[in-house]
Amino acid sequence: MKKDKSLLYKTIIIFLLFALYSCSTMSSYVEVSTNIAKKPELNLAPFEEIVITDFLQKKEKPDFDINKEIKEYFAQEMRIKTKKRVNLEQASAEDEKNFKEKEFWVNLSDKEKKGIIISGTFEYKSEIRKALIKDKKKFEDPFSYEDRFAQRNMYSLILELYFIDSQTGEILFQRKFSETKTYENPNQTSAFAFYDLIFSIKEKVFRDIFAEPRPQQRYLILK
Amino acid sequence: MNTKTIVLLSLLILLLLLACCVMYLPQDEMKFGIEAAQKGLWDEAIFRWERAVQQDPKSPAAHNNLAVAYEKKGAFEKAEKEYKTALELSPENEQIQSNYKHFKENLNKIEKDENKDEKR
């Protein structure tokens with residue numbers, strides 16, 4: 001009986017020691033999601049005006065004036081975002097090599113004003129994808145399946161943007177943005193799809209240029 | 001070991017356990033800081049955690065939290081210093097390691113961009 005009691009006490013002591021150890025080593029934390037600041041990739045403050053030129057078209061030609069749409073879309077968005085004067089220029093690089101030719105850009109713009117030229121290339125593709133899928137029969141027997149063709153319209157916009165100093169012709173920012181969207185609606189027009197795509201690309205461009213913070217997870221520790 | 005000794009020992013350990021739990025209740029400054037951060041009041045959080053660091057310079061938690069707040073405010077140099085201190089004090093802490101890893105990922109991107117600017 002005495003031996004049993006002693007064993008019980010020893011067990012209690014061991015348990016308490018274990019609890020003491022756990023308590024002393026335990027840490028508690030909370031996870032927070034916060035928008036972390038980032039350094040802007042491009043400082044637009046020194047520039048008096050923004051000049052948007054024509055964009056160089058690659059490959060397929062869409063059924064609407066996509067160059068005009070890109071220019072006007074970015075002109076509007078840049079005007080709102082920067083509160084600067086935005087001019088549209090009817091000139092563009094004839095070849096991709098032109099983007100690296102400083103003189104080409106210096107000659108293109110007003111030398112007295114410190115401006116930033118926005119130009120680039122674009123590629124707009126549309127594809128129809130079909131696949132054989134199994135689907136429930138609608139009327140005869142809801143539990144049996146039939147094969148049918150499913151059709152999806154897929155649109156892709158690849159936009160390579162150049163931000164060029166108008167006085168020096170130097171490329172200050174260059175990046176390729178690509179966006180693809182698939183639509184089930186067979187009546188989806190390429191013009192409507194374009195606006196979805198250009199919006200997504202604009203979000204990415206602004207996030208990089210203006211350093212719009214991104215939500216990130218971090219741990220805050222209590223003890 | 002007689003019964004008296006064992007009971008006394010158990011009581012002592014229980015007391016220690018209790019003290020330990022009380023001791024590890026979140027310190028006011030740390031708790032305040034976290035509450036402020038969760039509400040988006042990062043300046044207040046920085047103030048609290050700076051005080052927590054002054055009170056206990058060897059607290060990895062205080063250094064970590066301060067680093068997160070500095071990172072949030074864009075003070076990357078200060079944040080890196082605090083992260084490094086936190087990791088020196090508690091190198092095995094997974095939360096600090098995770099924070100620092102993500103911070104470095106951001107910072108490396110920024111440094112790369114700065115190098116690009118210099119080249120230009």
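Source: prediction; values computed, not measured. Each chain gets a letter, A, B and so on, in the order its sequence line appears, and its residues count up from 1.
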- Message: Does A:Lys100 have more than 12 heavy atoms from other residues, nucleotides or ligands lying within 6.0 Å of its NZ?
- Response: no
- Nearest heavy atoms of B:Asn65 and A:Tyr219, plus distance in Å: OD1-O, 4.3 Å
- Message: With rounding to the nearest 0.5 angstrom, report the CG to CD distance, A:Leu222 to B:Gln95.
- Response: 11.0 Å
- In terms of heavy-atom contacts, does NZ of B:Lys78 have more than 12 from other residues, nucleotides or ligands at under 6.0 Å? no
- Message: Take a 6.0 Å sphere around CD of A:Glu203 and say whether it holds more than 12 heavy atoms from other residues, nucleotides or ligands.
- Response: yes
- Message: Do A:Asn35 and B:Lys72 make a side-chain contact, defined as non-hydrogen atoms from C-beta onward lying under 4.5 Å apart?
- Response: yes
- Item | A:Phe206 CZ: over 12 foreign heavy atoms closer than 6.0 Å | yes
- Distance from A:Tyr29 atom OH to B:Asn93 atom CG, nearest 0.5 Å? 9.5 Å
- Might you confirm whether atom CD of A:Glu31 has over 12 heavy atoms from other residues, nucleotides or ligands at distances under 6.0 Å? yes
- Portion of B:Ala69 that has a non-hydrogen atom of chain A nearer than 4.5 angstrom: neither
- Item | Donor-acceptor contact below 3.5 Å, side chain B:Asn64 vs main chain A:Leu220 | no
